[in-house]
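Heads up, the thing below is written out as structure tokens.
Just so you know, ligand 1 is whichever comes first in the structure, and atom 1 is the first atom listed for that ligand.
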Amino acid sequence: MARLLVTGGAGFIGSNFAHFVVNHTDHTVIVLDKLTYAGNRASLAGLPDDRVQFVHGDISNGQLVDDLMSSADAVVHYAAESHNDNSLDDPRPFLRTNLVGTFTLLEAARRHGTRFHHISTDEVYGDLKLGDPHRFTEETPYNPSSPYSATKAGSDLLVRAWVRSFGVPATISNCSNNYGPYQHVEKFIPRQITNVLRGLRPKLYGQGRNVRDWIHADDHSSAVLAILDSGRIGETYLIGADGEKDNKTVVELILTIMGQPADAYDHVTDRAGHDLRYAINPSKLREELGWQPRYRDFEDGLTATIAWYQDNEEWWAPTKDATEAFYARLGQ
Ligand code: NAD
Ligand code: DAU
């Protein structure tokens, strides 16, 4: 049994991780979260108080981070500004949280010798061409495209430097696009589901040829636990579940599952610098740590996710209007 400090645990993937830890381990969790527009305490509702403690605060607050780190066995660092479209609109919070915040946590981990796991993204590798037989591996050179992915790449490099120079016992994982419950309606899949539920048409950037490699958030969580248990210090592990789909296919699938005509969506202004394709080769994680995804059928996982948004309107409705107003300003 371990005491895990989970930063960003009121966000999408961090809250799914907290639920997963409670349901599948005997670890306890301290969530540290600033509750930005993307954080929601309701995502932790129902978790037992004796297993999950919530602390409201900023990962850039050195004193607070130091206090919390002194009682933790390991840190799992999810907190970030996470949305590409926001980073194109205003990059500043991305530099503060993703770079200065990660630096603050690393310094505390260095002082306390705390095991550190850094959650990162496949976007640090840039993008691939459509039809390219290659997928990203741990050896792919970094080539980020957006302010968001550039700050995540920078945070990965900080972690590597703190391992090598200061001996911080850290690992890194770079995961592909997650889907599942508790995802903010700004993101592609929940935006389209909640548009249909609101009687609005889904919005596809450009022609929708861009490919993302989808993985269920629970499979991300099980992979992170495997790395915490048996990952080698200083190593990077790519997390993916062979889930490549182009955006047009995903939007048409959502519409079909929700009983609408498959072409009832709008094409809108494309994202600046829009990465064409992400694809993960997860061989290292599978062969070295024996990890396997549980969600192998995207349509099944998507159907369950749609049902979750249908059943939990009180969770997403308070953020929907502001999100659509933001996109309307961008013409998206
Ligand atoms: P999210 O935006 O849903 O959640 C981020 C959480 O971090 C929120 O609860 C927010 O309140 C909190 N936070 C932000 N700034 C903070 C600060 N300064 N101090 C404390 N808390 C702060 O993001 P997500 O989609 O759950 O992503 C979580 C992590 O996973 C990020 O590091 C992201 O880069 C990474 N990741 C995401 C995906 C994906 O598909 N969403 C894929 C791979 C990796
Ligand atoms: O690959 C991992 C990354 O996945 C994470 O690092 C990021 O935190 C996470 O946000 C996600 O980034 P993307 O930019 O790929 O996700 P997003 O949900 O914003 O968009 C997915 C695809 O859908 C992308 O090609 C843009 C497109 N899109 C998005 C929105 C919001 C649309 O076509 N229409 C939309 O309305």
**Message:** Looking only at distances, can you tell me whether any N or O atom of D85, backbone or side chain, sits closer than 3.5 Å to an N or O atom of ligand 2?
**Reply:** no

**Asked** Taking everything shown except K284 itself, do over 12 heavy atoms lie less than 6.0 Å from its NZ?
**Response** yes

**Asked** Heavy atoms only: which of G11, S149, G9 is nearest to atom 4 (O) of ligand 1?
**Response** G11

**Asked** Is E186 touching ligand 2 with its side chain, its backbone, both, or neither, if touching means heavy atoms under 4.0 Å apart?
**Response** backbone

**Request:** Determine, step by step, whether T249 and D246 satisfy the side-chain hydrogen bond (donor to acceptor under 3.5 Å, both in side chains) criterion, reporting the C-alpha distance in whole Å, the side-chain angles of both residues, the deciding distance to 0.1 Å, and the verdict.
**Result:** CA-CA 5 Å; T249 302; D246 68 46; 2.8 Å; yes

**Message:** To check your reading of the model: name the closest protein heavy atom to atom 38 (C) of ligand 1, its residue, and the distance in Å.
**Reply:** I13 CD1, 3.4 Å

**Prompt:** If hydrogens are left out, which of G57, G39, G8 has an atom nearest to atom 7 (O) of ligand 1, that is, the closest non-hydrogen atom?
**Reply:** G8

**Request:** Could you label the plane-to-plane angle of the Y205 and Y327 rings as parallel, tilted or perpendicular, counting under 30° as parallel and over 60° as perpendicular?
**Result:** perpendicular

**Prompt:** Of the backbone atoms (N, CA, C, O) and the side-chain heavy atoms from C-beta on, which set of K187 has a member under 4.0 Å from an atom of ligand 2: side chain, backbone, both, or neither?
**Reply:** both

**Item:** Taking atom 21 (N) of ligand 1 as the reference point, the nearest protein heavy atom with its distance
**Value:** K34 N, 3.0 Å

**Request:** Show which atoms of ligand 1 fall inside a sub-4.0 Å distance from at least one heavy-atom site of Y148.
**Result:** 33 (C), 34 (O)

**Asked** In the protein, what heavy atom is nearest to atom 42 (C) of ligand 1, and what distance, to one decimal place, separates them?
**Response** S176 O, 3.2 Å

**Request:** Using non-hydrogen atoms of the residue, decide whether Q192 is closer than 4.0 angstrom to ligand 2.
**Result:** yes

**Residue part near ligand 2, for N177, under 4.0 Å between non-hydrogen atoms** = both

**Item:** K152 to ligand 2, any heavy atom closer than 4.0 Å
**Value:** no

**Message:** So that I can tick it off, tell me whether D122 and R135 are bridged by a salt bridge, with the cut-off set at under 4.0 angstrom between side-chain N and carboxylate O.
**Reply:** no

**Shortest protein heavy-atom distance from atom 23 (O) of ligand 1, along with the residue and atom involved** = S82 OG, 3.2 Å

**Fill in**
So the atoms of ligand 2 within less than 4.0 Å of a heavy atom of H274 turn out to be 24 (C), 25 (O), 26 (C)

**Message:** Please list the nearest protein heavy atom to atom 15 (N) of ligand 1 with its residue and the distance rounded to 0.1 Å.
**Reply:** T97 CG2, 3.5 Å

**Request:** Decide if the gap between the ring center of H184 and the ring center of Y182 is smaller than 6.0 angstrom.
**Result:** no

**Asked** With P141, which residues qualify under side-chain contact (heavy atoms from CB on, under 4.5 Å), at least two apart?
**Response** none

**Option nearest atom 14 (C) of ligand 1 (shortest heavy-atom distance, choices G240, A80, S15, P93)** = A80

**Message:** Tell me whether N210 has any N or O atom under 3.5 angstrom from an N or O of ligand 2.
**Reply:** no

**Prompt:** Going by atom types only, do D66 and H112 share a side-chain donor-acceptor pair under 3.5 Å?
**Reply:** yes

**Prompt:** Does ligand 1 have any atom sitting under 4.0 Å from a heavy atom of G101?
**Reply:** no

**Asked** Do any nitrogen or oxygen atoms of T36 lie less than 3.5 angstrom from nitrogen or oxygen atoms of ligand 1?
**Response** yes

**Asked** Considering only heavy atoms, which of Y278, F12, Y148 lies nearest to atom 5 (C) of ligand 2?
**Response** Y148

**Message:** Under 4.0 Å between a side-chain nitrogen and a carboxylate oxygen: does that hold for R96 and E81?
**Reply:** no

**Asked** Of all the non-hydrogen atoms in the protein, which one sits nearest to atom 31 (C) of ligand 1, and at what distance?
**Response** Y78 O, 3.2 Å

**Asked** Considering distance alone, does some N or O of S120 sit under 3.5 Å from an N or O of ligand 1?
**Response** no

**Message:** Looking only at distances, can you tell me whether any N or O atom of T121, backbone or side chain, sits closer than 3.5 Å to an N or O atom of ligand 1?
**Reply:** no

**Request:** Each residue besides L157 in its hydrophobic cluster should be listed here, by chain and number; the cluster joins Ile, Leu, Val, Met, Phe, Trp and Tyr at side-chain heavy-atom distances under 4.5 Å.
**Result:** V124, Y125, L128, F136, Y142, L238, Y278, I280

**Asked** Would you say W214 has any N or O atom under 3.5 Å from an N or O of ligand 2, going by distance alone?
**Response** no

